[in-house]
Amino acid sequence: MIRQDIRNIAIIAHVDHGKTTLVDQMLRQAGVFRQNQQVRERVMDSGDIERERGITILAKNTAVHWGDTKINIVDTPGHADFSGEVERVLKMVDGVLLLTDSFEGPMPQTRFVLSKALDLNLPVLMVINKVDRADARSAEVVDELLDLLIDLDAGEETLDRPILYVSARQGTATTDLNHPGTDLTPLFEAILKHIPGPECFPEGAFQMLVSTVDYNEYVGRIGIGRVTRGSAHTQEQLVRVNALDASLHDVFKVTELSVFDGLKRLSAERVGAGDIIARSGLEDLNIGDTVCELNTPEALPFVAIGEPTVSMTFSVNDSPFAGREGSYVTSRHLRARLYKETHTDVSLKVVDGETPDQFIVKGRGELHLSVLIETMRRQGYEFQVSRPEVILQKVDGQVMEPIELLRADVPAAAAGAVIEKLGRRRGILKSMAGQDRVRLEFSVPSRGLFGYRNEFLTDTRGEGIMSAVFDGFEPFRGEIPRRNVGALVCFETGESTQYGLYGAQERGALFLGSQTPVYAGMICGQSSRPGDIVVNICRKKHVTNTRNAAAAEDSMRLMSARAMTLEECMEFIDEDELLEVTPQSLRMRKRELSHDARAKSASRGKKA
């Protein structure tokens with residue numbers, strides 16, 4: 001049967017196209033908040049990192065009531081690095097809202113998430129957002145979106161559905177741009193009309209696929225998913241069927257059942273087919289597992305998640321400052337935390353490294369791994385990481401590398417510089433359109449984008465928009481130089497002084513200021529020429545009884561130090577360097593801290 005009292009939808013789009021803002025307005029206009037209730041913006045972005053960066057990282061569940069119908073909503077990430085979140089949550093919905101910016105139009109991630117929805121035969125309702133922008137070009141975006149649907153072999157029923165024009169910030173929707181909307185009623189009505197209710201089997205044995213895993217320190221791991229068959233109640237005995245090994249069964253008792261309502265989870269004594277629920281009772285529940293009745297342990301198929309494309313080596317911090325700032329510093333702590341992350345992030349892979357203190361972590365991109373690093377350091381972990389490396393494959397004896405489909409929207413004056421820089425990074429220009437602002441589309445190796453974002457912003461004077469999404473594996477395109485300048489390396493352990501920094505700043509750009517603890521082999525700046533330069537930033541001016549009037553007038557003025565973010569540090573470090581990560585500091589260093597050992601190694605390399 002098809003339940004008409006429920007709709008299960010996911011909102012999918014490219015990053016920064018307004019998904020979370022639209023969910024805010026849907027919650028508000030559906031009566032979830034009181035009329036005078038103070039609610040912060042992007043209420044679904046509950047994590048600190050999500051709010052600081054303005055992006056959605058984890059898929060979130062909520063629900064609203066419109067008339068007699070309950071609408072379960074899944075807010076999904078828009079960044080390509082977190083596309084694994086989108087792929088798995090699509091298994092528990094019956095339709096999607098595809099959001100597209102009225103100016104930017106379909107972007108690489110738009111194509112990716114739309115293709116995943118069409119592969120699962122999910123109904124797609126097209127929504128053009130930000131129609132109140134001064135530079136909106138809604139009519140052209142509609143044509144681009146229809147071209148994309150045709151290119152992806154979408155069915156006629158998808159093309160026949162109405163297109164909604166929405167201003168998520170103002171909370172309005174309409175099906176006709178000539179008649180502006182006053183609220184989101186047209187959107188809610190379109191969802192009820194064009195997104196079907198869940199198809200379910202209420203009389204069969206209970207069956208539910210776990211699509212998301214949450215954690216609560218009181219009840220342990222909480223599995224979230226849609227009930228596809230039967231019903232269940234609290235204190236009932238159920239069995240978990242492992243996603244990879246159907247013969248592995250774990251019997252457990254349901255300690256708590258809950259359903260989503262607004263921003264809350266409400267306890268429920270009984271749930272039925274078609275409901276999106278959260279249930280607890282089994283500690284080692286994983287994404288992709290199926291929860292069934294004892295007598296019918298049948299596993300449901302789980303969507304295949306794309307393979308990782310980037311890897312980094314996490315290792316125990318062995319610098320002279322190790323253990324000063326972190327609470328969890330041993331390999332046991334690091335290993336347990338990394339493997340725990342794989343239980344909730346299906347796109348992440350962790351394997352043991354060459355030594356007991358090393359672990360190779362594979363993810364979908366630099367941002368994917370940097371968010372993990374930032375989360376761990378905020379939780380008190382201290383460790384060090386290597387530079388990101390792409391994961392190569394060998395197919396029929398040929399080396400294959402991951403390729404990104406990159407789209408850049410830049411001022412016309414900057415188009416030449418962007419084409420030149422990406423050409424050096426083995427990028428291939430596929431299309432170019434526009435006059436005042438030019439839209440460029442490239443096929444670029446993933447490794448070619450390491451460290452490029454800052455160059456891109458400099459070349460476009462901050463006016464460029466760039467996004468990329470994984471496009472498959474292609475034959476290796478040749479070597480790409482990672483860094484054409486060297487590093488300023490500290491000579492000795494101590495505290496940086498103004499006198500020492502003043503002498504070093506002529507050699508390049510500094511990354512730290514005075515009175516900063518440093519150690520020998522630590523990177524304190526970027527050299528202005530190829531090759532590393534060892535500098536002594538801890539030296540002090542000798543005190544004498546001789547006064548020099550000329551020297552007194554020459555005040556030592558330091559240039560502003562360049563504060564490096566986590567992503568910038570990951571992009572900067574070279575093959576022979578590491579990034580030391582602690583709850584309070586980010587320090588770049590050489591793998592070999594001894595200057596003599598590095599010099600001997602370099603001389604042996606030249607002789608060879």
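Ring planes of Phe383 and Phe314: parallel class, angle under 30° (limits at 30 and 60°).
Ile391 places none of its side-chain heavy atoms less than 4.5 Å from the side chain of Phe473. Proximity of Ile128 to Leu145: side-chain heavy atoms (C-beta onward) are separated by under 4.5 Å at one or more points. Side-chain atoms of Asn72 and Met92, non-hydrogen and from C-beta on, never get closer than 4.5 Å to each other. In this structure, the side chains of Phe112 and Leu405 stay at 4.5 Å or more apart for every pair of heavy atoms. Residues Val86 and Lys116 form no side-chain contact, since every pair of their non-hydrogen atoms from C-beta on lies 4.5 Å or further apart. With a 4.5 Å cut-off on side-chain heavy atoms, Phe450 and Val390 count as touching. Counting heavy atoms from C-beta outward, Lys349 and Val351 have side chains that stay 4.5 Å or more apart. In this structure, the side chains of Leu338 and Leu372 come closer than 4.5 Å at one or more pairs of heavy atoms.
At most 12 non-hydrogen atoms from other residues, nucleotides or ligands lie less than 6.0 angstrom from OH of Tyr328. By the 6.0 Å contact criterion, CG on Asp68 is open, its count of non-hydrogen atoms from other residues, nucleotides or ligands being 12 or less. Open room surrounds CD on Glu199; 12 or fewer heavy atoms of other groups in view lie less than 6.0 Å from it.
Applying the salt bridge (Lys or Arg N to Asp or Glu O under 4.0 Å) test to Glu307 and every residue at least two apart in sequence or in another chain returns nothing. Residues forming a salt bridge (Lys or Arg N to Asp or Glu O under 4.0 Å) with Glu567 (at least two apart in sequence, or on another chain): Arg53. In this structure, Phe359 has no ring-ring contact (aromatic ring centres under 6.0 Å, His included) partners at least two apart in sequence or on a different chain. Under the side-chain hydrogen bond (donor to acceptor under 3.5 Å, both in side chains) criterion, Lys130 pairs with Asp101, sequence neighbours left out. Under the side chain to side chain contact (heavy atoms under 4.5 Å, CB included) criterion, Pro108 pairs with His14, Arg407, Ser467, Val469, not counting sequence neighbours.
Between Arg161 and Glu157, no side-chain nitrogen of the basic residue sits less than 4.0 Å from a carboxylate oxygen of the acidic one, so the salt-bridge criterion is not met. Salt bridge annotation for Asp94-Arg3: absent, with no cationic side-chain nitrogen under 4.0 angstrom from a carboxylate oxygen.
A donor-acceptor pair is defined here as one N or O able to donate and one able to accept, closer than 3.5 Å; such a pair exists between the side chain of Asn129 and the backbone of Ala168. Formation of a donor-acceptor pair under 3.5 Å by the Arg364 side chain with backbone atoms of Ser347 is not found in this model. Using a distance-only test at 3.5 Å, with no hydrogens or angles considered, no donor-acceptor pair links the side chain of Glu382 to the main chain of Val329. Proximity of a side-chain donor or acceptor of Thr313 to a complementary backbone N or O of Val385 within less than 3.5 Å is not detected.
Asn317 and Tyr381 form no side-chain donor-acceptor contact under 3.5 Å, judged by distance and modelled atom types alone. The closest side-chain donor-acceptor pair between Gln358 and Ser315, if any, does not fall under 3.5 angstrom. A donor-acceptor pair shorter than 3.5 Å cannot be found between the side chains of Glu389 and Ser311. Using modelled atom types, one finds a donor on one side chain and an acceptor on the other under 3.5 Å when comparing Asp183 with Thr185. Side-chain contact annotation: Arg226 with Ser211, donor-acceptor N/O pair under 3.5 Å absent.
Interatomic distance, CD of Gln29 versus CG of Leu187, reported as 9.0 Å (0.5 Å rounding). Rounding to the nearest 0.5 angstrom, the gap separating the SG atom in Cys292 from the CZ atom in Arg240 is 11.0 Å. From Thr62, atom OG1 reaches atom CZ of Phe260 across 8.5 Å, with rounding to the nearest 0.5 Å. The line from CD of Gln235 to CD of Glu269 is 8.5 Å long, rounded to the nearest 0.5 Å. Interatomic distance, Thr212 OG1 to Ile224 CD1, rounded to the nearest 0.5 Å: 5.5 Å. The CD1 atom of Ile163 sits 5.0 Å away from the CG atom of Leu146 when rounded to the nearest 0.5 Å.
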Might you work through the side chain to side chain contact (heavy atoms under 4.5 Å, CB included) test for Met26 and Ile191, ending with a clear yes or no?
CA-CA 12 Å; Met26 294 176 73; Ile191 291 173; 4.0 Å; yes
Derivation of the side chain to side chain contact (heavy atoms under 4.5 Å, CB included) call for Leu114 and Leu118:
CA-CA 6 Å; Leu114 179 58; Leu118 293 176; 4.1 Å; yes
Go through it in stages, so that I can follow the logic: the residues are Val271 and Arg279, the test is side chain to side chain contact (heavy atoms under 4.5 Å, CB included), and I'd like the CA-CA distance, side-chain angles, deciding distance and then a yes or no.
CA-CA 10 Å; Val271 294; Arg279 48 138 307 277; over 6 Å; no
Can you list the steps and then say if Val89 with Asn61 is a side chain to side chain contact (heavy atoms under 4.5 Å, CB included)?
CA-CA 10 Å; Val89 300; Asn61 293 76; over 6 Å; no
Please walk me through it: do Arg270 and Ser231 pass side chain to side chain donor-acceptor pair (under 3.5 Å)?
CA-CA 7 Å; Arg270 194 171 193 86; Ser231 60; 3.1 Å; yes
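When all heavy atoms of Leu238 and Glu293 are compared, the closest pair comes out as CD2-CA, 4.2 Å. Nearest heavy-atom pair, Ala13 versus Val113, reported as atom, atom and distance to 0.1 Å: N-CG2, 4.3 Å. For Pro106 against Thr100, the heavy-atom pair with the smallest separation is N-CG2, 3.6 Å. When all heavy atoms are compared, the tightest approach of Ala468 to Leu449 is CB-CD1, 4.0 Å. Closest non-hydrogen pair, Val361 versus Leu369, comes out as CG1-CD2, 3.8 Å. Leu334 and Val316 get closest at one heavy-atom pair: CD2-N, 4.1 Å.
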Under 3.5 Å, which donor-acceptor pairs link side chains of residues 200-207 to any protein atom two or more places apart or in another chain?
unit_1: Gln207; atom_1: NE2; unit_2: Glu298; atom_2: O; d: 3.0

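Put simply, the residue from Asp5, Val64, Ile276, Val259 that forms a side chain to side chain contact (heavy atoms under 4.5 Å, CB included) with Lys70 is Val259.
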